[in-house]
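Some notes on the structure that comes next.
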Amino acid sequence: MYHTWMRYFTPSPVHHRLGLVCLGVGLQYGTLPPVGPRTLDHHVAVLITAGRGFLTTPDGHRRTVTAPALLWLLPGVPHHYGADPATGWDESFVDFTGPAADTYTELGYIDPEQPLVPLADTGPARTAIGRIARAARRGNPLLEVETAAAVHELLVALRRARADTGADGEPLLRALARDAFLPLTVTEHAARHGMTPAELRAAVRRGAGCSPKDYLLGIRLGRAKELLAGTELPVAAVARRVGYDDPAYFSRLFTRRVGLAPARFRDRRTRDVPGGWSTRVPDPDNPPLVGGSSP
């Protein structure tokens, strides 16, 4: 015995320009019949929240699936999977497509080399799938946009839920973020963690989908923007706060990446946001509540 509920969608060409669209959603449990072997032309995320079963990979290797787990079904890649006929499993799935899926793959959210992903906490992923299921009510004029937004939410939730990653990211990435404002080269960061630069590059690429240089630069420039918009610190002082001893180099780098010189960025922010500067340096880890007061 098994129970199944599913809906399928056909987004219009204009919705496909969102970059990512949802093609279907399903919720099933029990001793479900096996699926495949088959090949699809789009992505499917299959979330297993209870029970066990199997997944046969394209090389013919049969792997045991134990909940909680994620199965990635990739376009053009044959797959064959199913629940254990003795125990069954609880399964939900989301079909999606679009060029943004390639970007998520490049960033490491979807790993073609890892079709079976052990998970830790499936709560946020189930919440995202629930949003898609609720949006699937017939006659919903926002169906395509709501479900597309929820697929983005789902991909982030699944990335966070990986059993090999803590809720706040991998320890290495947290350590790099903590040390991002130190005036260190990538080679020096690697040495602090007992790694070669190549090992550090591979680890950051796997965890954040970019190079260590870009990962650190994103954190530095984000903090620089906060200081420029929220304080009266001179540009040279902002540069030092985010790890650059040479303010001219900082200004050139900021201008190249942001598209505005630091002073111009500050001028636009203070003109756009009423109230002027704060008397306190903003703390990114302790934001004030909207409508409330800072602690």
Side-chain angles (χ1 to χ4, degrees), residues 1-11 16 20-98 100-102 104-105 109-136 143-144 147-148 150-155 157-159 161-163:
M1 292 290 295
Y2 64 92
H3 300 268
T4 183
W5 175 92
M6 60 187 69
R7 289 287 312 280
Y8 290 99
F9 320 123
T10 308
H16 276 267
L20 199 64
V21 291
C22 183
L23 300 177
V25 61
L27 310 172
Q28 308 182 100
Y29 65 91
T31 53
L32 297 160
V35 174
R38 69 174 184 181
T39 304
L40 299 174
D41 63 355
H42 58 270
H43 288 77
V44 185
V46 183
L47 183 64
I48 309 300
T49 52
R52 63 178 184 268
F54 75 92
L55 169 68
T56 302
T57 53
D59 60 6
H61 181 60
R62 186 180 175 105
R63 300 178 60 182
T64 299
V65 177
T66 303
L70 165 67
L71 309 183
W72 279 123
L73 312 182
L74 304 180
V77 179
H79 57 263
H80 180 210
Y81 67 93
D84 187 314
T87 64
W89 67 21
D90 292 0
E91 167 195 322
S92 52
F93 66 83
V94 173
D95 295 44
F96 62 95
T97 193
D102 294 334
Y104 277 108
T105 300
Y109 287 64
I110 303 169
D111 186 352
E113 303 301 319
Q114 192 176 8
L116 171 59
V117 183
L119 300 179
D121 176 19
T122 62
R126 287 187 285 112
T127 297
I129 294 173
R131 293 189 199 283
I132 297 173
R134 288 192 297 275
L143 169 68
E144 290 83 359
T147 55
V151 173
H152 286 280
E153 179 185 351
L154 173 64
L155 293 176
L158 291 173
R159 177 65 180 82
R162 281 180 9 188

Please step through side-chain contact (heavy atoms from CB on, under 4.5 Å) for the pair His61 and Thr56, ending with a clear verdict.
CA-CA 6 Å; His61 181 60; Thr56 302; over 6 Å; no
Run the numbers on Val46 and Glu91 for side-chain contact (heavy atoms from CB on, under 4.5 Å), then give the verdict.
CA-CA 7 Å; Val46 183; Glu91 167 195 322; 3.6 Å; yes
Pair Leu158-Tyr109, side-chain contact (heavy atoms from CB on, under 4.5 Å): steps then yes or no:
CA-CA 8 Å; Leu158 291 173; Tyr109 287 64; over 6 Å; no
For Tyr104 and His152: C-alpha separation, side-chain torsions, deciding distance, then whether side-chain contact (heavy atoms from CB on, under 4.5 Å) applies.
CA-CA 9 Å; Tyr104 277 108; His152 286 280; 2.7 Å; yes
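Remark: Tyr81 engages no residue in a ring pair (Phe, Tyr, Trp, His ring centres under 6.0 Å) (not counting sequence neighbours). Residues forming a side-chain hydrogen bond (donor to acceptor under 3.5 Å, both in side chains) with Arg52 (at least two apart in sequence, or on another chain): Asp84. Applying the ring pair (Phe, Tyr, Trp, His ring centres under 6.0 Å) rule to His80 yields the partners Phe54; only residues at least two apart in sequence or on another chain are considered. A search for side-chain hydrogen bond (donor to acceptor under 3.5 Å, both in side chains) contacts involving Glu153 returns Arg131, not counting sequence neighbours. For His3, the ring pair (Phe, Tyr, Trp, His ring centres under 6.0 Å) test picks out Tyr29, with sequence neighbours left out.
Between the CG atom of Leu143 and the CD1 atom of Ile132 there is a distance of 10.0 Å, given to the nearest 0.5 Å. To the nearest 0.5 Å, atom CG of residue Leu23 and atom NE2 of residue His42 are 5.5 Å apart. In this structure, Leu55 CG and Thr64 OG1 are separated by 10.0 Å, a value rounded to the nearest 0.5 Å. The CD atom of Gln28 sits 5.0 Å away from atom CZ of Phe93, with the distance rounded to the nearest 0.5 Å. Atoms CD1 and CG, on Ile110 and Leu155 in that order, are 5.5 Å from each other to the nearest 0.5 Å. In this structure, OG1 on Thr147 lies 11.5 Å from CG on Leu154, to the nearest 0.5 angstrom.
Scanning both residues, Ala83 and Gly30, for their nearest heavy atoms gives CB-O, 4.2 Å. Scanning all heavy atoms of the two residues, the minimum distance from Leu74 to Pro112 falls at CD1-CA, 3.5 Å. Here the closest non-hydrogen pair linking Phe96 and Ala101 is CE1-CB, 4.1 Å. The shortest heavy-atom contact between Ala50 and Trp89 is O-CB, 2.9 Å. In terms of heavy-atom proximity, Phe9 sits nearest to Gly24 at CD1-N, 3.8 Å. Smallest separation of non-hydrogen atoms from Thr87 and Thr31: C-CG2, 4.5 Å.
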Extract all donor-acceptor atom pairs below 3.5 Å that involve side chains of residues 115-125 and protein atoms in other chains or at least two apart in sequence.
| residue | atom | partner | partner atom | Å |
| --- | --- | --- | --- | --- |
| Asp121 | OD1 | Gly123 | N | 2.9 |
| Thr122 | OG1 | Arg126 | NE | 3.1 |

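Side chains of Arg162 and Leu70 form no contact here, defined as non-hydrogen atoms less than 4.5 Å apart.
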